[in-house]
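As a basis for the values below, the full set of heavy atoms in this structure was taken, side chains included, without hydrogen atoms, waters or symmetry mates.
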Amino acid sequence: MRVTGLIPARFLTLTSHVVLLISVLLSREENVLACLPVSYTEVEYRRHDAEFLGGLIAGLALTALECIGFFTGVSMFTGLVSLISIVCHTGASISLAYMVMDAWDCRLYWWVFGLSSVVPAIIEIGVMINVLMLKKNV
């Protein structure tokens, strides 16, 4: 049995995750200010901004890695991988949308990053290894 609705859903959730990561990247000042105390120094601001910027760039890199695996067809037709990717990126899209709207504390991003970018990227790397190096059909 083949479920054909997973491919467009995965594409849309990957795209929305990338768009929202870019939106948070462009409006990160409010989130950085939300994780600072009322009176802060310029050094504290720059440190939190650099950490948050690094996390956003890492999220973009891991999502780009997953896009490469998806667009090359390595993991496009694997049902379970697609389902996990859809769930993770949907959660990321919802969380990042709230982060943009409500200016969340920048430290909360690491939870979103870990659950929504790292997990699917590790699975994608596993599929790439199985398909490209071990020549297994996943």
Practice problem: Report, as yes or no, whether the 6.0 Å neighbourhood of atom CZ on F113 holds more than 12 heavy atoms from other residues, nucleotides or ligands. | Solution: yes
Quiz item: Are I122 and W110 connected in a single hydrophobic cluster, I mean Ile/Leu/Val/Met/Phe/Trp/Tyr linked by side-chain heavy atoms less than 4.5 Å apart?
Solution: yes
Quiz prompt | I94 reachable from V118 in the ILVMFWY side-chain graph, under 4.5 Å edges | solution = yes
Quiz item: Taking atom OG1 of T41 and atom CG of L36, what is their separation to the nearest 0.5 Å?
Solution: 8.5 Å
Quiz item: Picking from L6, I86, V74, V127, what satisfies side chain to side chain contact (heavy atoms under 4.5 Å, CB included) with V81?
Solution: V127
Self-check item: Distance, nearest 0.5 Å, that separates CG of L132 from CD1 of I125
Solution: 12.0 Å
Self-check item: Check: S16 and H89 side chains under 4.5 Å, non-hydrogen atoms
Solution: no
Quiz prompt | Distance in Å, L25 CG paired with I57 CD1, rounded so as to fall on 0.5 Å steps | solution = 6.5 Å
Quiz prompt | R10 vs S75, side-chain contact (heavy atoms from CB on, under 4.5 Å): CA-CA, chis, key distance, verdict | solution = CA-CA 11 Å; R10 185 173 177 196; S75 65; 3.2 Å; yes
Self-check item: Option among L108, L115, V112 that satisfies the side chain to side chain contact (heavy atoms under 4.5 Å, CB included) test with S95
Solution: V112
Quiz prompt | Test item: T63 and S117 side chains (from C-beta on) under 4.5 Å apart, heavy atoms | solution = yes
Exercise. Please round to the nearest 0.5 Å and tell me the distance separating atom OG of S85 and atom CZ of F11.
Key: 12.5 Å
Quiz item: Linking I/L/V/M/F/W/Y whenever their side-chain heavy atoms sit closer than 4.5 Å, directly or via other members, would W104 and L26 fall into one cluster?
Solution: yes
Self-check item: Pairwise side-chain contact, L53 with R28, heavy-atom cut-off 4.5 Å (strictly under)
Solution: yes
Exercise. To the nearest 0.5 angstrom, please state how far the CD atom of E66 sits from the CD1 atom of I68.
Key: 11.0 Å
Practice problem: Evaluate the side-chain contact (heavy atoms from CB on, under 4.5 Å) criterion for residues V87 and T13: first the C-alpha distance (whole Å), next the side-chain angles of each, then the deciding distance (0.1 Å), finally the verdict. | Solution: CA-CA 9 Å; V87 169; T13 57; over 6 Å; no
Quiz item: What are the two closest non-hydrogen atoms of V24 and M99, and how far apart are they?
Solution: CG1-SD, 4.1 Å
Self-check item: Any residue meeting side chain to side chain contact (heavy atoms under 4.5 Å, CB included) with R47, in chain and number order, not counting sequence neighbours
Solution: E51
Quiz item: What is the distance from atom CG of L20 to atom CG of L56, rounded to the nearest 0.5 Å?
Solution: 11.5 Å
Quiz prompt | Contact list for residues 22-70, test ring pair (Phe, Tyr, Trp, His ring centres under 6.0 Å), sequence neighbours left out | solution = F52-Y109
Quiz item: Are the side chains of N31 and V100 in touch, meaning some heavy atoms are under 4.5 Å apart?
Solution: no
Quiz item: Is there a path of hydrophobic side-chain contacts, each under 4.5 Å between heavy atoms of I, L, V, M, F, W or Y residues, that connects L62 with V19?
Solution: no
Exercise. For E44, look at atom CD and say whether over 12 heavy atoms of other residues, nucleotides or ligands are found less than 6.0 Å away.
Key: yes
Exercise. For the pair L14 and H17, evaluate side-chain contact (heavy atoms from CB on, under 4.5 Å) and give the outcome as yes or no after the intermediate values.
Key: CA-CA 5 Å; L14 273 168; H17 189 181; 5.8 Å; no
Quiz item: With hydrophobic residues grouped by side-chain heavy-atom distances under 4.5 Å, do V18 and Y98 end up in a single group?
Solution: yes
